[in-house]
Structure formats: structure tokens, C-alpha cells
Amino acid sequence: MLRIAVPNKGSLSGPAADMLHEAGYQQRRESKELRIVDPVNDVEFFYLRPRDIAIYVSSGQLDIGITGRDLLIDSGADAEEILPLGFARSTFRFASKPGEANGVEDLKGKTIATSYEGIVAGHLADHGIDASVVHLDGAVETAIELGVAEVIADVVETGTSLRNAGLEVFGEPIMKSEAVVIRRTGADGEEAAESKVQQFLRRLQGVLVARTYVMMDYDCRVEQLEKAVALTPGLESPTVSPLHNEGWVAVRAMVPAKEAQRIMDDLYDIGARAILTTAIHACRL
């Protein structure tokens with residue numbers, strides 16, 4: 001069986017379970033379950049702390065896992081990202097009291113508090129900055145007020161909690177993170193599990209595409225077909241079928257979901273009618 005690590009809690013857990021369910025995999029019914037077997041798909045899922053998943057995968061005991069890019073890099077584990085999943089996006093930034101620093105070059109000799117020591121130490125080393133890094137678990141905003149550090153490095157979403165603490169972000173982002181699929185570095189050479197891993201990745205990629213696109217159908221006059229196809233080129237080419245009424249054709253194509261309303265407006269303006277969109281639940285490209 002393919003052995004897969006899945007986040008057991010936090011912001012990664014729910015979206016990961018939803019994506020796996022959409023990909024056709026059985027998921028746990030109770031949050032207390034730490035392991036389930038999906039015999040239909042020949043997969044075994046292990047529900048682990050997100051921060052530990054890269055370590056388990058790098059050990060070779062589990063084939064692949066879903067975790068955050070930030071957690072993978074911070075762990076220093078011998079594992080690599082093989083597929084970004086597009087959810088649990090976040091930005092990792094430095095923050096301090098206003099005027100304390102403007103960029104990474106101003107951190108020389110300062111003390112930085114963070115829950116992601118590996119990421120921060122690596123970033124400082126990449127820029128040749130000699131600074132002290134203090135590891136704290138949980139919220140780090142109070143580290144400056146209590147004199148533990150002069151700067152913090154943390155995940156920033158809206159920045160509200162930082163502003164409430166009298167802090168502001170500065171410099172370029174340290175990194176941008178999201179949920180990713182990982183596997184042990186170099187494991188792609190092992191043929192035994194490779195076909196199952198590739199099938200798993202194809203399923204998740206199918207979910208990502210299905211979430212990104214919608215199927216669009218419409219009718220248009222033959223003389224407007226070229227303009228219509230230019231608006232809806234599809235992936236390879238749209239499907240075009242003649243209608244019973246002479247001079248009309250039916251067109252079907254995949255279009256980006258975020259652009260669907262604009263495309264419908266443009267189609268209507270050139271004379272297309274009966275324009276509709278439908279969700280895509282699964283696909284293979």
C-alpha cells in the first residue's frame with residue numbers, strides 16, 4: 001500500500017481532507033483516528049502533526065505527505081516538494097517596532113524571535129547577516145515588548161495582530177508558503193511505489209484543474225464562430241457541433257473559472273446565446 005501522511009489538525013487539515021475526498025480517497029470520520037486504510041485505492045493514511053510530517057517522510061517509513069512548504073523548509077528534513085496544492089497560503093515576514101529596521105541588512109547584531117528557526121537562520125545565512133535567533137513556540141508578537149528580541153519573524157496574513165502589538169512588517173518577504181505534497185529526496189527512482197505515487201499526483205492535479213476551470217457551453221452563428229473560439233480556445237481546441245437550425249453551432253470549452261463571467265459577457269456581445277457554465281468535478285489532462 002501507498003503510505004501517506006496527512007495533517008491531523010490546524011489550517012492544513014480540513015482543506016487537505018477535502019481535496020483527498022474530491023480525489024476519490026476515503027478519509028477518517030473521527031478526528032481521533034490516527035490511521036485509516038483505503039483498500040479500494042490501496043492507500044494507507046497516517047494523521048500526524050503537520051510539523052512532523054517532513055521528518056516521517058524523509059525517514060522512508062512513509063512514501064509521501066502533505067504539509068506546508070514553510071514546515072518542510074524549517075524541518076531541514078531530507079524531503080522535497082513535488083506538487084503545490086494552492087491552499088493554506090501564507091507569507092513569512094520580519095516585523096519590529098516602527099523605525100527599528102528597513103531591510104534584512106539592518107538585522108546585523110540583532111536578536112530575532114521566531115517559531116521557524118530553520119527558515120530564519122537559512123535566510124540570514126543566504127544574505128550574510130550575523131544575527132541571533134531565539135526559538136519560541138506559539139505567538140511571538142510579545143517577544144519585543146518583553147525584551148526577548150528586537151525583531152520577530154512570523155507568518156503574516158492581514159497584519160492586524162502585529163499592528164495591535166505596535167509592530168510593522170519591513171523588508172521583502174522571507175518566503176511564501178502553501179500546502180505541498182512532499183516525498184523523500186531521490187525517492188522517485190524507486191519503481192515499486194512510483195506508479196502509485198504518480199496516480200496519486202494525477203488525481204490531485206485533476207482536482208486542482210477542476211477547481212480552476214468550468215465547462216462553458218453556448219450557441220452561436222457560424223459567421224461569429226472564429227470570434228467565439230478566440231474567446232474560448234479551450235485546452236487543445238473547443239468542441240463544435242452543428243445545430244438543427246442551419247447557420248448555428250453549439251460550442252463547448254473549458255475556461256478559467258475566475259474569467260467565466262467576463263467571457264460570458266463578451267460572447268453575448270458577439271451574438272452567442274444559451275450560454276451556461278457547469279462545474280467540473282474531476283478531470284485528467
Side-chain angles (χ1 to χ4, degrees), residues 2 4 6 11-12 14-27 38 40-43 64 66 68-69 81-91 176-183 188 194-285:
L2 191 66
I4 302 174
V6 183
S11 61
L12 291 164
D18 290 343
M19 177 169 280
L20 291 169
H21 178 74
E22 288 180 50
Y25 293 103
Q26 178 182 332
Q27 288 297 285
D38 181 352
V40 174
N41 293 297
D42 202 28
V43 172
I64 50 182
I66 296 175
R69 181 182 293 131
E81 173 184 335
I82 57 175
L83 179 67
L85 297 177
F87 63 85
R89 288 191 172 101
S90 61
T91 303
K176 292 183 181 294
S177 183
E178 64 182 289
V180 296
V181 179
I182 66 171
R183 73 184 307 180
D188 56 344
E194 186 62 22
S195 62
K196 293 180 180 178
V197 170
Q198 293 306 315
Q199 181 187 68
F200 178 79
L201 294 177
R202 282 195 299 272
R203 288 196 182 190
L204 294 190
Q205 287 168 334
V207 172
L208 291 173
V209 172
R211 290 178 173 183
T212 305
Y213 288 85
V214 294
M215 189 65 72
M216 185 170 289
D217 293 89
Y218 58 90
D219 301 338
C220 75
R221 299 283 307 177
V222 172
E223 56 266 27
Q224 298 298 327
L225 181 58
E226 290 306 313
K227 291 181 180 179
V229 168
L231 293 170
T232 59
L235 297 186
E236 281 82 22
S237 176
T239 300
V240 180
S241 305
L243 293 178
H244 180 71
N245 288 343
E246 187 175 352
W248 284 83
V249 292
V251 183
R252 163 170 279 205
M254 289 173 62
V255 302
K258 64 182 181 181
E259 299 178 19
Q261 293 295 333
R262 177 189 59 78
I263 293 172
M264 293 175 79
D265 290 338
D266 292 344
L267 287 171
Y268 191 89
D269 288 344
I270 65 171
R273 295 296 182 265
I275 310 167
L276 58 91
T277 62
T278 53
I280 300 171
H281 296 291
C283 70
R284 296 291 185 274
L285 299 182

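These values consider heavy atoms only, across backbone and side chains, with no hydrogens, waters or symmetry-generated copies.
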Heavy atoms of other groups near E246 CD, more than 12 under 6.0 Å:
no
Any side-chain to backbone donor/acceptor pair from R203 onto A23? Under 3.5 Å, distance only.
yes
Rounded to the nearest 0.5 Å, what separation is found between the CE atom of M254 and the CD1 atom of I280?
4.0 Å
Could you state the interatomic distance from CD (E259) to OG1 (T232), rounded to the nearest 0.5 Å?
12.0 Å
Out of curiosity, I270 CD1 to E223 CD, how far, rounded to the nearest 0.5 Å?
10.5 Å
With rounding to the nearest 0.5 Å, note down the distance linking CG in D18 to CZ in R211.
7.0 Å
Do you know the tightest heavy-atom contact between N41 and G24?
ND2-O, 3.0 Å
With rounding to the nearest 0.5 angstrom, report the CD1 to CZ distance, I82 to R183.
5.5 Å
Do the non-hydrogen side-chain atoms of C220 and V249 ever get within less than 4.5 Å of each other?
yes
Indicate yes or no for a side-chain donor-acceptor contact from R252 to the backbone of M215 under 3.5 Å, with no hydrogens or angles considered.
no
Donor-acceptor pair, distance only, cut-off 3.5 Å: does the side chain of D219 make one with the backbone of W248?
no
Do L208 and M19 come within less than 4.5 Å of each other through their side chains, counting heavy atoms only?
yes
When you compare the side chain of L204 with that of L85, does any pair of heavy atoms fall below 4.5 Å?
yes
Would you indicate whether the side-chain heavy atoms of L2 and D42 approach each other to under 4.5 Å?
no
Let me see the working for M216 and L267 under side-chain contact (heavy atoms from CB on, under 4.5 Å), right down to the final yes or no.
CA-CA 11 Å; M216 185 170 289; L267 287 171; 3.6 Å; yes
Just checking, R273 and Y268: is the charged tip under 6.0 Å from the six-membered ring centre and within 45° of the axis?
yes
For the residue pair P233 and P238, what are the closest heavy atoms and their distance?
O-CD, 3.3 Å
Answer whether the closest heavy-atom distance between the side chains of L12 and I66 falls below 4.5 Å.
no
Can you see which heavy atom on P256 is nearest to which on Y213, and at what distance?
N-CD2, 3.6 Å
What distance separates R202 CZ from R284 CZ, expressed to the nearest 0.5 Å?
7.5 Å
For the residue pair I4 and Y25, establish whether any side-chain heavy-atom pair is separated by less than 4.5 Å.
no
Could you go through V43 and F200, starting from their C-alpha distance and side-chain angles, then the distance that decides it, and tell me whether this counts as side-chain contact (heavy atoms from CB on, under 4.5 Å)?
CA-CA 10 Å; V43 172; F200 178 79; 5.7 Å; no
When you compare the side chain of Q205 with that of L83, does any pair of heavy atoms fall below 4.5 Å?
yes
Nearest heavy-atom pair of G86 and E178: which atoms, and what distance?
N-OE1, 2.7 Å
